[in-house]
Asker: 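Right, I'll just put the structure down here and ask away after.
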Amino acid sequence: MAKPTIDEIANAMFDMVSQYDGKKNLKAGDLTKAMIAQYGEGNCTKDECKQAIRILMDSGRCVYSYFGGSFISLPKTEGSAPQ
Amino acid sequence: MADTKYETPMLDELESGPWPSFIKELKKVAPRKPMVQDLLGQLEQSYEEGQGHWKHGGIVGVMGYGGGVIGRYSDLADKFTNCAHFHTIRVNQPAGWFYTSKALRTICDIWERHGSGLTNMHGSTGDIVLLGTTTSELEPTFAELTANGFDLGGSGSDMRTPSCCVGKARCEWACYDTMALTYDLTQSFQDALHRPAFPYKFKIKSAGCPNDCVASIARADLSIIGTWRDDIRVDQEGVKAYEKAGLNIERDVCGRCPARCMEYSGKLMIDNRACVHCMHCINAMPKALRPGVDTGATILIGSKAPIVQGALLSSVLVPFMKIEPPYQELKDLIEKMWEWRDENGKSRERIGELIQRMGMRNFLPAVGLEPNPDMVFHPRANPYVFYDEYFVAEEEGEAQA
């Protein structure tokens, strides 16, 4: 498999977060392990995964959330408080 | 007393007595802050019902950050609309908690503009804690804080804001510069502080000497406690002065030495090889005794308060390490720990619990350390290191029996 760019890793992570949205909370470590498994250790490093997560966060496509631990999820509208 | 929107007979009880009362403070703020008015109403209801009405979680930070904000929502939002959101913001404190009065006024003014005006100085993590704001005020607060040289602290599954004692700034016992180390670690690990990537939190606390004024041995996953490896410095004339002043040195100093490593008969004799560096004698005679000059720190691992599982105290990982810039040996060790924990840790599992689950024999090779009899839970005890010959001897003993 060809070595992916950081943006491609970010897109693959985003797809995974979208796929699991509402079903399972994913941690940064879950995404990193999944990307290394998908692309192979030689093609995808932990540092590149860190950079990919940063792209997702800085662009607002994903956000961090907390439910007893920190997770990466899709942005949500706050439902519990009036706007 | 300020007028409040709600009757609060139970809270009013907390204003009686000579001690400071947080209710008094809330009532002072309430006339200018509707969210504090409603906070008082909700708290009174909680006291009446004997149950809390906060939900926490969800939102965790500002754009790009995964820590520093603890989302807090009222489950009585329809009734107490002004405190429907009451988020906490953690602000990274300066090492040693030193401020100019101007800096404190700046923080307070920012919080008056964007939040409830209520603060906690400081939270148990060490951060400045700003209590109570709405989601829409998070980004403006952050913008003003950063414009004034402040940044958010840690929360969630990240490296929590490192904290330390006042160290060499105010204390003669400091065996290394705790403030310089804390500042350096904070700057070096910004990514780990702001972008949670761990299975669970990781706390670093630095104490300058074994007195451990920041209680790092009980509160930090990684405790860095100052120590020395040469001899205690003794001023025999100073010791005599304590005796002249009425101190019973044999009974109150030598007799309370846990290692029984000192004797006094007109001259204080210390068997430094048996000393466990408890600081008792130095604390008892601070003008006569001082730590040695070959100073550094003992690195301990694994303490935590009881949250998911019970409390743990840290145990010794590296008996002595020089703590000098650029602190590369320490940073490398920390990164190896994180690497191992990322590979093996479960969600909400602290590193001390992970070490208990997987064993020191798995942890030590991963961080590049050899087993060492000095890896102790407390002096004279050793919870982790087992030597094969012990088991052989036991088996032989059992076979003979």
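The basis for the numbers below is simple: all heavy atoms, side chains too, and nothing from hydrogens, waters or symmetry mates. Every value quoted in this text rests on a predicted model; they were computed, and no experiment measured them. First the proteins, then the strands, lettered A, B, ... as listed; each starts at 1.
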Asker: Please determine whether the number of non-hydrogen atoms from other residues, nucleotides or ligands lying under 6.0 Å from atom NZ of K346(B) exceeds 12.
Answerer: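 No, NZ of K346(B) has 12 or fewer neighbouring heavy atoms, counting only those of other groups under 6.0 Å.
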
Asker: Might you point out which heavy atoms bring D58(A) and M63(B) nearest each other, and give the distance in Å?
Answerer: O-CE, 3.3 Å

Asker: Would you say the side chain of R195(B) lies within less than 4.5 Å of the side chain of M57(A), judging by non-hydrogen atoms?
Answerer: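 No. Closest side-chain heavy atoms not under 4.5 Å.
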
Asker: Tabulate, in ascending numerical order, the residues of residues 43-53 of chain A having at least one heavy atom closer than 4.5 Å to a heavy atom of chain B, or enter 'none'.
Answerer: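 Contacts with chain B: K46(A), K50(A).
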
Asker: Check each atom of S59(A) against the heavy atoms of chain B and say whether the ones under 4.5 Å are side chain, backbone, both or neither.
Answerer: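 Looking at S59(A), just its backbone touches chain B.
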
Asker: G64(B), S136(B), G345(B): which one forms the most heavy-atom pairs within less than 4.5 Å of chain A?
Answerer: G64(B)

Asker: Report which part of D75(B) has an atom under 4.5 Å of a heavy atom belonging to chain A: side chain, backbone, both, or neither.
Answerer: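 No part of it gets close to chain A.
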
Asker: Looking only at non-hydrogen atoms, find the nearest pair between S70(A) and S155(B) and report the distance.
Answerer: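 Minimum heavy-atom contact is OG-O, 4.4 Å.
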
Asker: Mind listing the closest non-hydrogen atom pair of K33(A) and D342(B) along with its distance?
Answerer: NZ-O, 3.2 Å

Asker: State whether the side chain of K27(A) and the backbone N or O of P199(B) hold a donor-acceptor pair below 3.5 Å, judged by distance alone.
Answerer: yes

Asker: Who wins among G156(B), G66(B), G71(B) for the most heavy-atom pairs under 4.5 Å with chain A?
Answerer: G66(B)

Asker: Just by modelled atom types, is the G68(A) backbone N or O under 3.5 Å from a matching donor or acceptor in the R348(B) side chain?
Answerer: yes

Asker: For E41(A), I'd like to know if atom CD has over 12 heavy atoms of other residues, nucleotides or ligands within 6.0 Å.
Answerer: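 Atom CD in E41(A) is not crowded, with 12 or fewer foreign heavy atoms closer than 6.0 Å.
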
